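These numbers come from a predicted model, not from an experiment. Numbering starts at 1 and runs along the sequence shown.
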Amino acid sequence: MRKNNLNCIGFQDVNLKTITEKWLFQTHEPNVPVVSSNYWLNRIQSFLYCNENGLLGSFSEETHTCTCPNDQVACHGFLPCTVGDGSACLSCAPDNRTRCGSCNAGYMLSQGLCKPEVAESTEHYIGFETDLQDLEMKYLLQKTDRRIEVHAIFISNDMRLNSWFDPSWRKRMLLTLKSNKYKSSLVHMILGLSLQICLTKNSTLEPVLAVYVNPFGGSHSESWFMPVNENNFPDWERTKLDLPLQCYNWTLTLGNKWKTFFETVHIYLRSRIKSNGPNGNESIYYEPLEFIDPSRNLGYMKINNIQVFGYSMHFDPEAIRDLILQLDYPYTQGSQDSALLQLLEIRDRVNKLSPPGQRRLDLFSCLLRHRLKLSTSEVVRIQSALQAFNAKLPNTVDYDTTKLCS
C-alpha cells in the first residue's frame with residue numbers, strides 16, 4: 001500500500017479496524033497463522049500519522065499521539081480529529097481533517113474545537129442588575145428617595161394632580177415612559193410605587209387601588225394585574241402625614257424579590273365607605289353608589305403626587321436583531337448555535353422576572369414585539385427555533401409560559 005492512498009482513510013470516513021479485518025480475511029493464505037487485526041491496525045495508523053521526516057513511529061489510539069524513535073517528535077504527522085461523544089467531534093472538517101467540523105449537542109464549535117455551550121454575558125444586549133445592594137435599596141425605598149425615582153409621564157382624562165375631585169366614580173390614571181420615542185436604548189425595572197392621597201376633613205371614604213403593569217409597551221390588554229396582598233405579594237403601607245387634611249402616603253414596595261420590567265403603570269382608583277359592623281368591632285365597606293345616605297360625608301379627594309421607583313438599564317435592540325439575523329444567515333460555522341444560546345439566555349432571564357403565578361408570563365415575546373418591533377409571525381418563528389434548540393441541549397428543562405402580548 002502506498003502512503004498517499006492510505007491518507008484518504010480518516011477516522012470519521014471509515015473504520016480502519018473493519019477495513020483491516022476484511023483485508024486480512026480476503027488475503028491470508030490457508031494454513032498460515034493470521035496476525036491479529038489490532039496489530040495491522042496499529043501499523044496502518046502509525047504509517048499514516050507517525051511517518052514524517054523519514055522516521056516511523058508508533059501510534060497510540062488511546063492517547064491519540066505518536067511515539068517517535070529515540071524520543072524525538074519529528075515523526076509526528078497531522079492527526080485527524082477525534083470523533084466521539086461529549087467534547088469530541090461529531091465530524092471532522094472536510095477541508096481540514098485535523099479540526100472539528102461539527103459538534104455534539106451541548107457543545108459549540110470554536111476554532112476547530114468543541115467547547116461546552118455556555119452563554120456569554122447578556123449585558124451587551126440587555127441589562128438586568130443595579131449596583132445597589134439590598135439593604136441600600138430598601139433604605140432608599142423607605143425614604144422614597146428621588147435618586148431611585150424613574151421619571152414618568154402622568155396621563156389621566158378623569159382627574160388632575162393637586163386638584164380636588166368627586167371620588168364616587170372610578171378614576172383611571174397611568175404613568176408611562178414612552179421608551180420607543182424617548183429612551184430606545186433603555187429598559188426599566190420597577191421597585192416600588194408611591195401615592196400621596198388626601199381627603200377632606202371627616203370624610204368616610206376609603207381609597208381602593210388596582211394596579212396593572214405593562215412591561216414593554218403595547219395596549220392596556222397586554223398588562224398584568226398586580227396581586228397586592230395575595231400569595232405573599234406585598235401590600236400597601238399607609239403613613240399619616242402631619243397636615244391639616246387627612247393625607248396619607250400609600251407606598252407599595254416590591255424590592256429585589258418582586259421587581260419586574262415596566263413601561264407603563266395603570267392605576268385605577270375606586271372609593272368605598274367605611275362603616276362599623278353590627279358588633280362595633282369590625283369594619284364594613286360599601287360602594288358609594290350602593291350606599292347613599294345624605295348624612296354621610298363622602299367629601300372630596302385629591303392626589304398630590306405619584307412616583308415610580310426603580311432603575312433603567314442598558315438595552316441594545318440592534319445587537320439583539322443581529323443575533324436573530326444569524327439564525328438564518330450565520331457568519332461562521334457555529335455562530336448560529338452561539339446566537340441561539342445567547343437568545344435562549346436572554347429569554348430565560350427576561351421571563352424569570354415574570355410576576356408571581358402558577359406559570360410565568362411570556363415577557364420575552366413582549367420584548368420582541370414592542371421593543372424590537374417584530375411581527376407576530378417573526379416572534380413565533382424565533383420562539384419555535386429556541387424551543388427546538390433547547391430540546392437538544394443536555395440536562396435542560398423547558399417551561400410553559402402564559403401569553404401576554406399578541
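- Donor-acceptor pairing under 3.5 Å is lacking for the side chains of Thr144 and Gln307.
- Scanning all heavy atoms of the two residues, the minimum distance from Leu353 to Phe128 falls at CD1-CD2, 3.9 Å.
- Once rounded to the nearest 0.5 Å, the distance linking CG of Leu241 with SG of Cys198 reads 7.0 Å.
- Between Tyr399 and Thr401 the shortest side-chain heavy-atom distance falls below 4.5 Å.
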Start with the C-alpha gap between Val187 and Ser179, add the side-chain angles, then the distance that decides, and say whether side chain to side chain contact (heavy atoms under 4.5 Å, CB included) holds. CA-CA 8 Å; Val187 289; Ser179 294; over 6 Å; no
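- For the pair Thr260/Pro215, no side-chain contact is recorded, criterion being any heavy-atom separation below 4.5 Å from C-beta on.
- In this structure a side-chain-to-backbone donor-acceptor pair under 3.5 Å is missing from Thr253 to Gly192.
- In this structure the side chain of Asn180 never reaches within 4.5 angstrom of the side chain of Phe216, judged on heavy atoms.
- Remark: Glu318 pairs with Arg321 by the side-chain hydrogen bond (donor to acceptor under 3.5 Å, both in side chains) rule, at least two apart or across chains.
- Across every non-hydrogen atom of Ala88 and Gly84, the tightest pair is CB-N, 3.5 Å.
- Judged as a ring-ring contact (aromatic ring centres under 6.0 Å, His included), and not counting sequence neighbours, the contacts of Phe233 are Trp258.
- Residues that satisfy the side-chain hydrogen bond (donor to acceptor under 3.5 Å, both in side chains) test with Asn304, not counting sequence neighbours, are Gln196.
- Partners of Arg172 by salt bridge (charged side-chain N to carboxylate O under 4.0 Å, His left out), not counting sequence neighbours: none found.
- No donor-acceptor contact under 3.5 angstrom links the side chains of His370 and Glu263, judged on distance only.
- Put simply, CG on Leu193 and CG on Leu141 are 11.0 Å apart, with the number rounded to the nearest 0.5 Å.
- Closest heavy-atom contact between Leu55 and Cys75: O-CB, 3.5 Å.
- Heavy atoms from other residues, nucleotides or ligands lying under 6.0 Å from CZ of Arg381 number more than 12.
- With sequence neighbours left out, the ring-ring contact (aromatic ring centres under 6.0 Å, His included) criterion links Phe154 to no other residue.
- No more than 12 heavy atoms of other residues, nucleotides or ligands shown are found within 6.0 angstrom of CG on Asn231.
- By the side-chain hydrogen bond (donor to acceptor under 3.5 Å, both in side chains) test, Thr176 is found to be paired with Thr264, residues two or more places apart in sequence or in another chain being considered.
- Remark: His266 pairs with His220 by the ring-ring contact (aromatic ring centres under 6.0 Å, His included) rule, at least two apart or across chains.
- With hydrogens and angles disregarded, no donor-acceptor distance shorter than 3.5 Å links the side chain of Ser58 to the backbone of Thr67.
- Residues satisfying the side-chain contact (heavy atoms from CB on, under 4.5 Å) test with Ser354, not counting sequence neighbours, are Arg360, Leu361, Leu363.
- By the salt bridge (charged side-chain N to carboxylate O under 4.0 Å, His left out) test, Lys259 is found to be paired with Glu129, residues two or more places apart in sequence or in another chain being considered.
- Closest approach of Ala152 and Leu175 over heavy atoms only: CB-CB, 3.9 Å.
- A disulfide bridge does not connect Cys50 to Cys68: their SG atoms sit 2.5 Å or farther from one another.
- Shown here for Tyr300 and Phe165, the closest heavy-atom pair between the two residues is CD2-O, 3.4 Å.
- Residues Ile190 and Leu254 have side chains in contact (heavy-atom distance under 4.5 Å, counting atoms from C-beta outward).
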Which is it for Ile197 and Met301 under the side chain to side chain contact (heavy atoms under 4.5 Å, CB included) test, yes or no, and what are the steps along the way? CA-CA 7 Å; Ile197 303 176; Met301 186 182 296; 3.8 Å; yes
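- Cys81-Cys89 SG separation is not under 2.5 Å; the pair is not scored as a disulfide.
- A salt bridge links Arg147 to Asp145: one of the charged nitrogens lies within less than 4.0 Å of a carboxylate oxygen.
- Taking each heavy atom of Trp250 and Pro207 in turn, the nearest pair found is CH2-O, 3.4 Å.
- Here SG of Cys100 is found 6.0 Å from CG of Leu113. Values are rounded to the nearest 0.5 Å.
- At least one donor-acceptor pair under 3.5 Å links the side chain of Asn214 to the backbone N or O of Ser219.
- In terms of the salt bridge (charged side-chain N to carboxylate O under 4.0 Å, His left out) criterion, Arg371 has no residue partners (sequence neighbours excluded).
- To the nearest 0.5 Å, atoms CD1 (Ile153) and CD1 (Ile155) are separated by 6.0 Å.
- Judged as a salt bridge (charged side-chain N to carboxylate O under 4.0 Å, His left out), and not counting sequence neighbours, the contacts of Arg146 are Glu149.
- In Lys240, the NZ atom is crowded: over 12 heavy atoms of neighbouring residues, nucleotides or ligands sit closer than 6.0 Å.
- Annotation: side-chain contact (heavy atoms from CB on, under 4.5 Å) contacts of Leu186 (sequence neighbours excluded): Lys183, His188, Ser312.
- Remark: Asp328 CG to Gln336 CD distance equals 8.0 Å, nearest 0.5 Å.
- Side-chain contact between Ile306 and Val265 is absent, with no heavy atoms from C-beta onward closer than 4.5 Å.
- When Asp348, Leu386, Val379 are each tested for a side chain to side chain contact (heavy atoms under 4.5 Å, CB included) with Phe364, only one passes: Leu386.
- Counting heavy atoms from C-beta outward, Pro167 and Leu205 have side chains that approach closer than 4.5 Å.
- You'll find the side chain of Trp236 reaches within 4.5 Å of the side chain of Val211, heavy atoms only.
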If you apply the rule side chain to side chain contact (heavy atoms under 4.5 Å, CB included), what do you find for Leu191 with Leu140, and how did you get there? CA-CA 11 Å; Leu191 295 170; Leu140 293 174; over 6 Å; no
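- A salt bridge does not link Arg369 to Asp362: none of the charged side-chain nitrogens sits closer than 4.0 Å to a carboxylate oxygen.
- Two residues are said to be in side-chain contact when any heavy atoms from C-beta on lie closer than 4.5 Å; Ile303 and Leu269 meet this criterion.
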Can Met189 and Phe261 be said to form a side chain to side chain contact (heavy atoms under 4.5 Å, CB included), step by step? CA-CA 5 Å; Met189 202 77 73; Phe261 293 102; 4.1 Å; yes
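- No more than 12 heavy atoms of other residues, nucleotides or ligands lie within 6.0 Å of CG in Asn157, so this atom counts as exposed by the packing criterion.
- Atoms CG and CG, from Leu340 and Leu327 in turn, are 5.0 Å apart once rounded to the nearest 0.5 Å.
- A donor-acceptor contact under 3.5 angstrom links the side chains of Ser91 and Ser102, judged on distance only.
- A salt bridge is absent between Lys392 and Asp337: the closest approach of a Lys/Arg side-chain nitrogen to an acidic carboxylate oxygen does not fall below 4.0 angstrom.
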